[in-house]
Trainee: 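Let me begin by handing over the structure; questions about it come next.
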Amino acid sequence: GHDDCISTVCLSKDEKYIFSGSNDCTIRVWDKESGKSLMLIKNSEKLVTSLICTSQYLISTSWDKLIKIYDLNDNFKEVGALSGHSLAVT
């Protein structure tokens with residue numbers, strides 16, 4: 001699991017995956033059926049504040065003032081980052 005407390009969770013639209021964001025600055029991808037951690041994503045240098053799932057993307061926000069976008073259909077590859085916020089994105 002995570003090395004610090006979990007700050008946010010979300011379920012994929014197809015209900016195959018659960019995503020957890022943590023104060024350890026990571027996102028974990030969990031198999032809903034087995035409960036096993038499938039992948040660890042190093043999200044940022046600051047804690048993950050929220051996660052949102054669409055049918056194609058996982059979107060994360062964090063205290064590093066970024067919104068990051070991961071492609072669920074391409075092995076959770078980061079496909080974008082939105083910057084320019086002056087404070088943490090929650």
Side-chain angles (χ1 to χ4, degrees):
H2 290 282
D3 292 330
D4 205 335
C5 64
I6 294 171
S7 53
T8 184
V9 296
C10 72
L11 179 66
S12 64
K13 294 287 184 187
D14 62 8
E15 298 188 359
K16 289 183 181 178
Y17 305 108
I18 295 172
F19 303 97
S20 57
S22 172
N23 289 2
D24 66 8
C25 308
T26 65
I27 298 168
R28 280 205 181 263
V29 181
W30 303 88
D31 179 272
K32 182 183 162 222
E33 191 70 27
S34 71
K36 293 184 180 191
S37 178
L38 302 175
M39 181 178 287
L40 179 68
I41 301 169
K42 176 69 173 152
N43 184 65
S44 68
E45 299 302 318
K46 306 255 179 163
L47 65 95
V48 179
T49 55
S50 67
L51 297 171
I52 300 166
C53 234
T54 71
S55 58
Q56 185 172 353
Y57 299 107
L58 173 67
I59 301 164
S60 70
T61 64
S62 68
W63 277 20
D64 66 359
K65 306 174 193 171
L66 291 174
I67 298 170
K68 291 191 176 180
I69 305 163
Y70 301 91
D71 191 332
L72 300 179
N73 301 317
D74 191 10
N75 202 35
F76 311 105
K77 177 182 171 186
E78 184 180 328
V79 294
L82 307 174
S83 60
H85 302 89
S86 59
L87 297 172
V89 183
T90 60

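Nothing here was measured: the structure is a model prediction, and the numbers come from that model. Counting begins at 1 with the first residue of the sequence.
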Trainee: Looking at residues at least two apart in the chain, or sitting in another chain, which of them share a side chain to side chain contact (heavy atoms under 4.5 Å, CB included) with Ser86?
Mentor: none
Trainee: Rounded at 0.5 Å granularity, tell me how far CG in Leu58 sits from CD1 in Ile52.
Mentor: 9.0 Å
Trainee: Give every residue pair that meets the ring pair (Phe, Tyr, Trp, His ring centres under 6.0 Å) criterion with at least one member in residues 66-90, sequence neighbours excluded.
Mentor: Tyr17-Phe76, Phe19-Phe76
Trainee: Who pairs with Ala88 by side chain to side chain contact (heavy atoms under 4.5 Å, CB included), at least two apart in sequence or on another chain?
Mentor: Trp63
Trainee: Sorted by first residue and then second, give each side chain to side chain donor-acceptor pair (under 3.5 Å) pair with at least one member in residues 23-37; sequence neighbours left out.
Mentor: His2-Asp24, His2-Thr26, Ser20-Trp30, Ser22-Asp24, Asp24-Thr26, Arg28-Ser37, Asp31-Ser34
Trainee: With hydrophobic residues grouped by side-chain heavy-atom distances under 4.5 Å, do Met39 and Val48 end up in a single group?
Mentor: yes
Trainee: Ser50 and Thr8: side-chain hydrogen bond (donor to acceptor under 3.5 Å, both in side chains), yes or no, with the steps?
Mentor: CA-CA 5 Å; Ser50 67; Thr8 184; 5.7 Å; no
Trainee: Using the test salt bridge (charged side-chain N to carboxylate O under 4.0 Å, His left out), find all partners of Glu45 that sit at least two apart in sequence or belong to another chain.
Mentor: none
Trainee: Please check this pair: side chain of Thr90 against backbone of Thr49, looking for a donor-acceptor N/O pair closer than 3.5 Å.
Mentor: no
Trainee: Could you give the distance from SG (Cys10) to CD1 (Ile27), rounded to the nearest 0.5 Å?
Mentor: 8.5 Å
Trainee: If the condition is salt bridge (charged side-chain N to carboxylate O under 4.0 Å, His left out), which residues does Lys65 pass it with, not counting sequence neighbours?
Mentor: none
Trainee: Yes or no on side-chain contact (heavy atoms from CB on, under 4.5 Å) for Lys46 and Leu66, after CA distance, side-chain angles and deciding distance?
Mentor: CA-CA 10 Å; Lys46 306 255 179 163; Leu66 291 174; over 6 Å; no
Trainee: Working to the nearest 0.5 angstrom, can you tell me the gap between Leu38 CG and Asn75 CG?
Mentor: 10.0 Å
Trainee: So, does Lys68 use its side chain to make a donor-acceptor pair with the main chain of Glu78 at under 3.5 Å?
Mentor: no
Trainee: Looking at CG of Leu47 and CD1 of Ile6, how far apart are the two atoms once the value is rounded to the nearest 0.5 Å?
Mentor: 13.0 Å
Trainee: Out of curiosity, Ile67 CD1 to Ile59 CD1, how far, rounded to the nearest 0.5 Å?
Mentor: 8.0 Å
Trainee: Show your reasoning for whether side-chain contact (heavy atoms from CB on, under 4.5 Å) applies to Asp64 and Cys25.
Mentor: CA-CA 10 Å; Asp64 66 359; Cys25 308; over 6 Å; no
Trainee: Could you tell me which non-hydrogen atom of Tyr57 sits nearest to which non-hydrogen atom of Asp71, and how far apart they are?
Mentor: CD2-CA, 4.0 Å
